[in-house]
Amino acid sequence: MPKLRLVEQTASDDLRSRVHFCTETGQIWLHEHRMLLVHAEAQASLRKELIDTLGIERARGLLTRMGYASGVRDAELARMRAENASDREAFMTGPQLHSLEGIVRSTPVRLELDRAAGTFYGEFLWENSWEGQWHRHFYGIHAEPVCWTQVGYACGYASAFMGRTILYKEVECVGSGQAGCRIIGKPAEEWDDAAEQMRYLAPGPLADRIVDLQAQVEQLRARIDEKETLPADMVGVSPGFRGAYALLQQAASSQITVLLLGETGVGKEMFARCLHDSGARREGPFIAVNCAAIPPELVEAELFGVEKGAYTGALVSRQGRFERADGGSLFLDEIGDLPLAAQAKLLRVLQDGQIERLGDQRSRRVRVRLIAATNSDLQQLVREGRFRSDLYYRLNAYQILIPPLRERKEDISVLAKRFLEKYSTLSGKKLRGFTDKAKRALLTYAWPGNIRELENMIERGVILAPGGARIELNHLFSAQPGEPARELGLDARGGLDVGRWEAGKGLCEAIFNGVMTLDQLEVMLLETAIDKARGNLSSAARMLGLTRPQFAYRLKHLHDGPKT
C-alpha cells in the first residue's frame, strides 16, 4: 500500500506540472487544453438557475452531458500517459484530475479493468463534492443522489478510456443525506436500468427544439443571402475575403481582363477558377500556366504554339495554351516573369484576339478570357524596364487584391476545419479537432506561406496525430526538441514569447523620442483596423482584441479629446 501511494503521489505531481498559469495572456493551461478557474458559488448559482428554469429532469440531463464532455477531454491526457503505465495507473489520471480541478476528492475502493479484454468495474468514494454540498445548501436534502455533473464526468472519462460505454451510478450522496458520496461503474450492458441512465446522456426535447430553431434560422439566412452563397471550394468570412469575392462576382458576367494581386499562396488560382466557373464561358476549358516555371526560350512556343520546323527539334506542329483555351479562360500566373518578347505578343492578343504560332505567318483568331496574376509590383517592374507599360495598363483595367492570411484572421479557423475534414477523409482517420493551444497557435502565427502553408500544415497534423485524439501544437509546427516554434510567439507555458516584441521596438523608440505620442499611436491602430476591415467596426474591434463598444469608446475618446 505505501508503494501504491508513492506511485499515485508521483503521478499526481506529474499532472500538477502540466498545469500552467500564463499571467501575460490571462490563460490557464492543462497540457494543451485551456482551463478556467471559476468560483464554486458562482457555478452553483448557475446550476440553481438551470434547475429553476428547466426543471430537475432537463437540468440533470444538461449537467450530466456537460460533465461527460469534460470527462472525454481529460481521457485524452490519460491515453497519452497509458503508453508508459499500467491500465490502473493510466486510468487513475481521471480521478486525480478531478481532484486537481477542485471538483471532488476521489478515492478508489475497488478498481478492476482490462482494456484489451474490455472488462471494467470501478467503485470510488467521493469527499468534499462541491455539487452535492451546494445542492443541499439551496434545496435541502434531496430524495436521490444529485452529483450529476460529476457522474457524467466519470461516465465520459471511463467510456473514452475503455473504448466502450461505461455507466456510473451514484449510490450514496451527500446531497441526499449521507456523510459522503460513493459511485459504482460497470459496462452499460451489465446494468439492468441502463436505458434509464442513458437517457440523460442523449440531448433532450429542449435541445432538439433549439436545434430545429437553429436549422430554421439557417434556412432563412440561406434564402436571404442566396445570391451571396460561396462555391464549395471558396472558404472565407473575413471582410477582406468577402470584398475580393464581391469584386470577382461583379466581373464574372463581363469579358474584362482581370488582374489578381496577392502574395504567394493566398489562393489566386482558386479565385481564377471561380471567375471562370461563374462566367459565360464556364463550359469551355480552363487552362492555367505558371509563367515563372517555363524556360524563357520556350515561353512563346508554350503560349502561342509552334509550327513544324520552326526550330531544331520541332518535328510536329502543336497548339499553344491560347489555342487550347479557345472558348474558355487562360490563367497566366506570375505574369511579371514573362519575357519582353512574349509580352509584346500577349499585348497583340489582348488587342485583336489573334495569335501567330512560332515559325508561322498565318494569324489564328482565338476567343479567350485572360486572367492574370502576380505577387510582384508590376509598377516597379515597369520603372525598371522589365515589364511593358502598355501591357501593364491593359492588364490593370480590373484588379482584385486578395489579402494575405495574416489579415484574414476570421478565415483561419474556417479554413483549418475544412482542411481537417479533407485530410481526415483521405487518410481514413477520425480526429476530434484541435487542442486549445493548437487553435491559439494557428491564430497567432504570421503565415508567410498563406493558405498553401496552412493546408500543408493541417495535412501534416492529420498524419502525426493519433486516431481519435486532437491535433496538438507539436503535430503542426516543427521545432527543436523541447522548444516551441518561435514564430508562434508562444513559450512553453502558452504565454507570449519575449522575441515577439522585437517588431514593435521601432514604435517604442518613436514614442520615447517624441516623434509621436501614445494617443497618436492608438489612433493609428484604430484607423488602420477600420481601413483593413473596410469600415466594419465589429471586425476592426476583433482585429485588436476588443469588443465593439470598447472600440467605439476608444475611437470617440481619442477623436473628441479630453473634456475640460
Side-chain angles (χ1 to χ4, degrees), residues 4 8 56-79 81-82 85-99 103-127 129 131-132 142-204 207 430 432 467-469:
L4 179 59
E8 291 182 350
I56 285 286
E57 286 299 296
R58 285 176 173 168
R60 178 178 178 179
L62 184 62
L63 293 167
T64 302
R65 291 191 295 276
M66 185 174 72
Y68 190 96
S70 180
V72 170
R73 295 295 292 267
D74 280 358
E76 296 177 17
L77 185 55
R79 284 197 297 268
R81 305 178 76 203
S86 66
D87 283 351
R88 178 191 170 92
E89 290 170 350
F91 183 85
M92 284 304 296
T93 301
Q96 290 161 0
L97 281 172
H98 227 185
S99 299
I103 307 297
V104 68
R105 173 180 168 82
S106 187
T107 304
V109 176
R110 178 183 167 195
L111 179 59
E112 300 170 359
L113 72 155
D114 186 331
R115 287 201 296 170
T119 58
F120 183 89
Y121 181 89
E123 183 176 350
F124 291 84
L125 292 178
W126 280 346
E127 301 174 63
S129 164
E131 195 169 17
H142 201 273
E144 297 179 352
V146 296
C147 298
W148 305 320
T149 309
Q150 295 167 199
V151 169
Y153 175 96
C155 293
Y157 177 82
S159 298
F161 185 88
M162 293 295 297
R164 61 179 305 190
T165 303
I166 305 294
L167 289 181
Y168 274 88
K169 290 180 65 175
E170 191 176 15
V171 295
E172 296 176 11
C173 180
V174 67
S176 55
Q178 281 84 30
C181 304
R182 184 164 64 94
I183 60 169
I184 294 175
K186 298 184 292 185
E189 59 271 19
E190 295 181 20
W191 289 103
D192 294 334
D193 59 347
E196 174 69 16
Q197 302 303 315
M198 288 292 290
R199 70 188 180 93
Y200 293 111
L201 297 176
K430 289 188 176 181
R432 299 178 58 81

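Everything quoted here is computed from the prediction, not taken from an experiment.
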Derivation and outcome, side chain to side chain contact (heavy atoms under 4.5 Å, CB included), residues Arg115 and Met162: CA-CA 6 Å; Arg115 287 201 296 170; Met162 293 295 297; 3.7 Å; yes
Give a yes or no answer on whether the side chain of Asp114 reaches the backbone of Ala117 with a donor-acceptor pair at less than 3.5 Å. yes
Quick one: closest heavy-atom pair of Ile166 and Gly185, and the distance? CG2-C, 4.4 Å
Tell me whether Arg65 contacts the main-chain N or O of Ala202 through its side chain, where contact means a donor paired with an acceptor under 3.5 Å. yes
Evaluate the side-chain proximity of Met198 to Thr165: yes if any heavy-atom separation is below 4.5 Å, no if none is. yes
Go through it in stages, so that I can follow the logic: the residues are Asp87 and Phe120, the test is side chain to side chain contact (heavy atoms under 4.5 Å, CB included), and I'd like the CA-CA distance, side-chain angles, deciding distance and then a yes or no. CA-CA 11 Å; Asp87 283 351; Phe120 183 89; over 6 Å; no
Can Tyr121 and Glu190 be said to form a side chain to side chain contact (heavy atoms under 4.5 Å, CB included), step by step? CA-CA 10 Å; Tyr121 181 89; Glu190 295 181 20; 5.9 Å; no
Rounded at 0.5 Å granularity, tell me how far NZ in Lys186 sits from CD in Glu112. 12.0 Å
So do Arg432 and Val72 actually touch side chain to side chain, heavy atoms under 4.5 Å? yes
Side chains of Ile56 and Glu144: closer than 4.5 Å at any heavy-atom pair? no
Flag, side chain of Tyr168 to backbone of Ala154, donor-acceptor distance under 3.5 Å: no
Say you draw a straight line from CZ of Arg60 to CH2 of Trp148; how long is it, rounded to the nearest 0.5 Å? 7.0 Å
Can you establish whether the number of heavy atoms outside Asp192 located under 6.0 Å from its atom CG is more than 12? no
Side chains of Trp126 and Ile103: does their closest heavy-atom pair fall under 4.5 Å? no
Electrostatic pair Arg199:Glu57 at N-O distance under 4.0 angstrom: yes
Can you tell me if CZ on Arg105 sees more than 12 non-hydrogen neighbours from other groups inside 6.0 Å? no
Rounding to 0.5 Å, atoms OG1 (Thr149) and CG (Leu63) come to a distance of 4.0 Å
Which heavy-atom pair separates Ser159 from Tyr68 by the least distance, and what is that distance? CB-OH, 3.7 Å
Where do Ser106 and Phe124 come nearest, in terms of heavy atoms and distance? OG-CD2, 3.5 Å
Checking Ser99 side chain against Pro95 main chain: does a donor-acceptor pair fall under 3.5 Å? yes
Looking at every heavy atom in both Cys147 and Gly132, which two are closest together, and how far apart are they? SG-N, 3.7 Å
N/O donor-acceptor pair under 3.5 Å between Thr64 side chain and Gly152 backbone: no
Mind telling me whether His98 and Tyr153 have parallel, tilted or perpendicular rings, with 30° and 60° as the class edges? parallel
Pair Lys169-Ile184, side chain to side chain contact (heavy atoms under 4.5 Å, CB included): steps then yes or no: CA-CA 6 Å; Lys169 290 180 65 175; Ile184 294 175; 5.7 Å; no
Taking Glu131 for the side chain and Gln150 for the main chain, is one N or O donor matched with an acceptor at less than 3.5 Å? yes
Donor-acceptor pair, distance only, cut-off 3.5 Å: does the side chain of Thr93 make one with the backbone of Ala90? yes
If we ignore hydrogens and angles and just use 3.5 Å, is the side chain of Gln178 paired with the main-chain N or O of Cys173 as donor and acceptor? yes
How far apart are the closest heavy atoms of Cys181 and Val174, and which atoms are they? SG-N, 3.3 Å
